[in-house]
Chemist: 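Dropping a structure here in structure tokens format, bear with me for questions.
What's counted below: heavy atoms across the whole structure, side chains too, no hydrogens, waters or symmetry copies. Convention: sequence-line order gives letters A, B, ...; per-chain numbering from 1.
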There are 4 protein chains.
Amino acid sequence: MGLLDEFLKTRVWTEKLVDPLTTDDMVVQPASQVSPPKWHLAHSSWFFEHFILKAFVKEYKEYHPDFDYLFHSGLNGMGEGIPLEKRGTITRPDIKEVFFYRQHVSEAMSLFWEQLEKHTQSADIMKKIELGVQHEQHHQELLLADIKYILGNQFLHEPYVKKEAPDTGWYADKILGWNQVDKGMYTIGHENGGFCFDNERAAHNVSLQAFEMADRAIVNHEYLEFIEAGGYENFNLWLRDGWDWVKRTGAAVPMYWKKIDGKWQRYSLQGVIDVEENGPLLHVNYYEADAFARWKGARLPTEFEWEAAFQVNPDWMYSPVWEWCASAYLPYPGFKITQGALGEYKNRFMVGQMVLRGASLATPEGHWRPSYRSFLYPDAQWHFSGIRLVR
Amino acid sequence: MGLLDEFLKTRVWTEKLVDPLTTDDMVVQPASQVSPPKWHLAHSSWFFEHFILKAFVKEYKEYHPDFDYLFHSGLNGMGEGIPLEKRGTITRPDIKEVFFYRQHVSEAMSLFWEQLEKHTQSADIMKKIELGVQHEQHHQELLLADIKYILGNQFLHEPYVKKEAPDTGWYADKILGWNQVDKGMYTIGHENGGFCFDNERAAHNVSLQAFEMADRAIVNHEYLEFIEAGGYENFNLWLRDGWDWVKRTGAAVPMYWKKIDGKWQRYSLQGVIDVEENGPLLHVNYYEADAFARWKGARLPTEFEWEAAFQVNPDWMYSPVWEWCASAYLPYPGFKITQGALGEYKNRFMVGQMVLRGASLATPEGHWRPSYRSFLYPDAQWHFSGIRLVR
Amino acid sequence: MGLLDEFLKTRVWTEKLVDPLTTDDMVVQPASQVSPPKWHLAHSSWFFEHFILKAFVKEYKEYHPDFDYLFHSGLNGMGEGIPLEKRGTITRPDIKEVFFYRQHVSEAMSLFWEQLEKHTQSADIMKKIELGVQHEQHHQELLLADIKYILGNQFLHEPYVKKEAPDTGWYADKILGWNQVDKGMYTIGHENGGFCFDNERAAHNVSLQAFEMADRAIVNHEYLEFIEAGGYENFNLWLRDGWDWVKRTGAAVPMYWKKIDGKWQRYSLQGVIDVEENGPLLHVNYYEADAFARWKGARLPTEFEWEAAFQVNPDWMYSPVWEWCASAYLPYPGFKITQGALGEYKNRFMVGQMVLRGASLATPEGHWRPSYRSFLYPDAQWHFSGIRLVR
Amino acid sequence: MGLLDEFLKTRVWTEKLVDPLTTDDMVVQPASQVSPPKWHLAHSSWFFEHFILKAFVKEYKEYHPDFDYLFHSGLNGMGEGIPLEKRGTITRPDIKEVFFYRQHVSEAMSLFWEQLEKHTQSADIMKKIELGVQHEQHHQELLLADIKYILGNQFLHEPYVKKEAPDTGWYADKILGWNQVDKGMYTIGHENGGFCFDNERAAHNVSLQAFEMADRAIVNHEYLEFIEAGGYENFNLWLRDGWDWVKRTGAAVPMYWKKIDGKWQRYSLQGVIDVEENGPLLHVNYYEADAFARWKGARLPTEFEWEAAFQVNPDWMYSPVWEWCASAYLPYPGFKITQGALGEYKNRFMVGQMVLRGASLATPEGHWRPSYRSFLYPDAQWHFSGIRLVR
């Protein structure tokens, strides 16, 4: 598919994702890490306006002079902006205006396409557009996680969709087994052509000991055994910060789970359903994943082990959930921060976050690569995150 | 005006107040003390459904079984409910549904009116309806304060209305003077017939020393002198908690004020305007009012002094703002808490709040009485609150 | 007793109070409202150094130039000082040095006595010394409350003294009865000669309805009934802030109580003892007092009712505990803040605190007057506070 | 030196370290991460009592039944204990008692020595004693950091010692240069015999690109340039969490630095001294180290690069400070958690901490190895931490 098609398809898909929402759903921010859907709609448009249209299209007419401030990624080059946790207070522009903004940007981009080939900086611009498309796809999955949080925390627990939700429909068809990965040197990171985010570079060698990788993600009944064995009450299973998290929050089950009339239920994007025995465990954080692994006498893979196992056999590593890795999110050797305008946009590396590998049923088609690195704070449960074991 | 007319007028007026808002404005809660407009719309309907329709109208069909839980005053008789600070996370029901709910309740009330006179408990019901009407009027002013907070904290600072806003249009026409109130015994509280809230009873005697009451509220240029004289930096002017508040928040002006290009401006419901020299000072909290009074060599009136001065001459006490009193909000002697269903609704007395007397330009016509007691935590700035001095 | 004797006796008594402590006990601050005993020792000396010796004694040699900053009441005239909650971090000067400081000040005061009568400002100085003595006595009771908190929260629960502790030894000898106080006008506040704090002035008239005052403080078995009837779980009994406090802290008994092997025990200054059925209820806060009163179908007295009842018959109001009043701590009519140096020292009036009346077994002999006003934040439990009912 | 000598020397040294302190200094905890010196004295004794004396010495008489609970490492096997941040509230036992406890343990250990050789588990016991000695040495440096925090935050700023303080006396004698480390495979971790902590195992191969390691730690004048160039105000230099830290705390200089009369001064263990131009930069956290490196166009080494450079030439890596590494503190491949009693003691791996390598002037002689891994939360400044650059 050409880049224009990819662009248009992506723009449409974002809007399709919010189609089942009420305006009210679009605006709120029930937790600081959850962005209002409206903000995703605006911010993914801001990218194209800021980095393409305002930068390269002479005749482009900015939609609104304040949107640049309102919708960049939290902080601009001066460290200023609407704080992350205040996104849910923005009511002006309203949602209608945000849709007009999207349309304005999409149309201007489409118009610009004809000039694009002749443009002296054509190659550079194309790369930035591709980055913008990937950026919007990345936000599509965040959007689903945020929508689930918004609806799943309503007293009314109404469903997002009637069927084919991205957090249902997959079932394990086998008992957990193990695949052997040999000791050796593996090349980690993105090395061939094609798009990648800058955190996937530079590709580099990592020497690994032999290990056995579980042949699928953990499913609900396996985690239920952990719960029922008192896993959440056993101090010895938890990281110190994890134990503090358990005590502070009173956590005793994955996010969205509840026992009703003796039956385990969970909120899914299709509404409240019975917890499926062989369905993939979802919405655990790093602490829970790590405690579960310890209880099983196993451990979580490093991100290098994860990628190496994929190189040995991609089929082994298919997963309906993002899988927590025992690797902190840090730059690869040789990493160079992007300079200039785009550097401003890039997510800075952070300390304190952990890597997740794989992809989930909520990841947009075609968005993922084996070198893809997701990352979250270790207490985050609201993403489509689960567990893969290694030993 | 008959009670039915009063009821209908009040219901319509609430909806008129939210007419200039976008849906987005209806939903958000930018600070824990600010309720979303949607919540006011639903909660004021809940009162009639809960205390009248479900209690006395056999054929009434409840609109939705969960709305009772969602929209009572924060906590039901079991201490359960949506916590105050979570009101801005409710997206289901959405705003359309809430308007249907209002309509459903208003129509059911209108239909019930014909049976009302013949009803055996007619007098009791009429009293409860009157309470419901007053309750909704009370929320109309809260609604305006909350709307102002929502719009006034937008980056875009768009106006609520183009003209005739309830926080503009009044100007002092004289230099501040003083009226003498004699030493003596005054009866405080509501004693005649007519409606009052239960916190205005029992009427009781209070012995007062002579005092002089300022003949109007403080206006902006008087407070500007305090600011420019370094009032916010002078520790000796402040209550200890007030000084902590100044240090913690960095407060240096009333809420909504900002100096732009050397000119004092304020957000009003008509948008950003120049601070009017003789306009009423608005949006100061108790700490600021108290510090200003000390700086002036005066003090704040007690609520008894306020009411006594009104008894001597009502004209003296007209004010475009609520006036902070040096009285904690505590029950009057002989106060009896309402038992049963309505008791559940009543705002419980609280410790730590201060009384405000008078009314503001935002108070609905006909809602106020001289014995009316408003009350807020001492750090609250977002109401239409100002200063009256006494000496 | 002459003022010098009073001075010397008070100085010695403070030191006697800390005699059973280890150095370690002297230094720590286990909660922000608890001052280290060492700080009380230093601060009560600072008063005499700052207001008498440095102000009136030419030849006086300041003990240390930084102690004025370290040991004034939290904040000096510029709003600066060691923050209240950091008192437990001061290790220099150490405790030995603080005792030398006390001795230095006491000796300089004694030496100054001979000149005192001839001094031109003799009367003024005498008044300030008296204030200093009263100030130190006031701190003696705070000291006991703080010592109890420090020792009572140790894992080892060691006693402060072996016998004659100020929180044991009193028992009610009768069933709770009621004394009638007639409707009428009462004069509240300090009006005769003799010492008082400035918050007891000006004396003024208050008109009261008739009421019945309980003839003694509440004792433990009465409060136990409240606990066992589920008082701490019944939302309807609590002020809104009180209910928040219960939920936030998990409070379910008075401070220092614990059920061990089915038996109620409490930490007293004599160590852990059985809760005495007819011993005075101690260490409840305003929320607990108010909830208990509501459960009993009674209420807490206002401070005016308390003082009026005392005027009718002082015997009625003897109490081994400070009694929470349904009165906010606010200045009396005609109150004038002390100007100049002493004004700096005075506790500023605060919003948000409630009055306690009476005195406790821990109050130093001779320190109390019927117009005495104590005051605490409503969540404070660590003082020798209890309950008196009125109806 | 034999193990007994090592044991005795270590026990004595700990006590020597607290010799200059007042009792007051021993007890307080001015910040949650700072343990009172008294706690270090007790906890390092607890190790020997708990793991050696109570486990292997039949005739040993426990000093006090509650000390096991009071002085284990924060949480016992049930997740219970005195919370870390409450250590500064422990006044019973007092400091004298804690010295008796130390003596009791030291003597019992000495007595046990004769039986030790004949003991059937002699080898195991010796290993545990060695671990206890290393554990106490590790606490000796913590103790110095905590003492510095306690004294350095006093208003009086008194020195700890008059001369030869562990945070003074080293000066760089050259301009910063760079040493080349070649691309290749390096073995990281402890592989030979001799003592190491379990986090240094298993030794494993790491493949590294070529890099240049700075030939010494950063000194004060180099960091001053960063400060004076506005480093703390330049958002673009900071990690996102780092920027939040700067904004939240108002940090603008390393801990203990202050400009007085235009001259940079710092609190050292010898008291307040001028910042030495060529003295080692101390007391920066990871955020500061990372921002400085970015400003210099360099970066922080990974812990693997650090250890590899040491292998190439140990002289290159001598440093008077602990050096922040761009590596999260995570277990090495093949790491096995110690089972049983000692596992309980071990510091659990944590997420969110960063590694520091090298040692400081405060590290006890003979305690360090090139595979030694220190670790701290990225906001920690109070350790003897500084910066080494790589490029």
Chemist: Measuring from atom OG1 of C:T302 to atom OH of B:Y332, what distance do you get when rounded to the nearest 0.5 angstrom?
Modeler: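 Those atoms lie 14.5 Å apart.
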Chemist: Would you mind checking which part of B:S327 comes under 4.5 Å of any heavy atom in chain C, side chain (CB onward), backbone (N, CA, C, O), both or neither?
Modeler: backbone
Chemist: Is it the backbone or the side chain of B:F211 that comes under 4.5 Å from a heavy atom of chain C, or both, or neither?
Modeler: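 No part of B:F211 comes within 4.5 Å of chain C.
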Chemist: Please report the closest heavy-atom contact between C:A328 and B:L330, naming both atoms and the distance.
Modeler: N-CD1, 3.5 Å
Chemist: Can you establish whether the number of heavy atoms outside C:K296 located under 6.0 Å from its atom NZ is more than 12?
Modeler: yes
Chemist: Please name the pair of heavy atoms, one in B:L239 and one in C:V351, separated by the smallest distance, quoted to 0.1 Å.
Modeler: CD1-CG1, 3.9 Å
Chemist: Identify which of B:G352, B:P378, B:S207 forms the greatest number of heavy-atom pairs closer than 4.5 Å to chain C.
Modeler: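 Looking at each of B:G352, B:P378, B:S207 in turn, B:S207 comes out on top.
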Chemist: Which atoms of B:N205 come close to chain C, meaning under 4.5 Å heavy atom to heavy atom: side chain ones, backbone ones, both, or neither?
Modeler: both
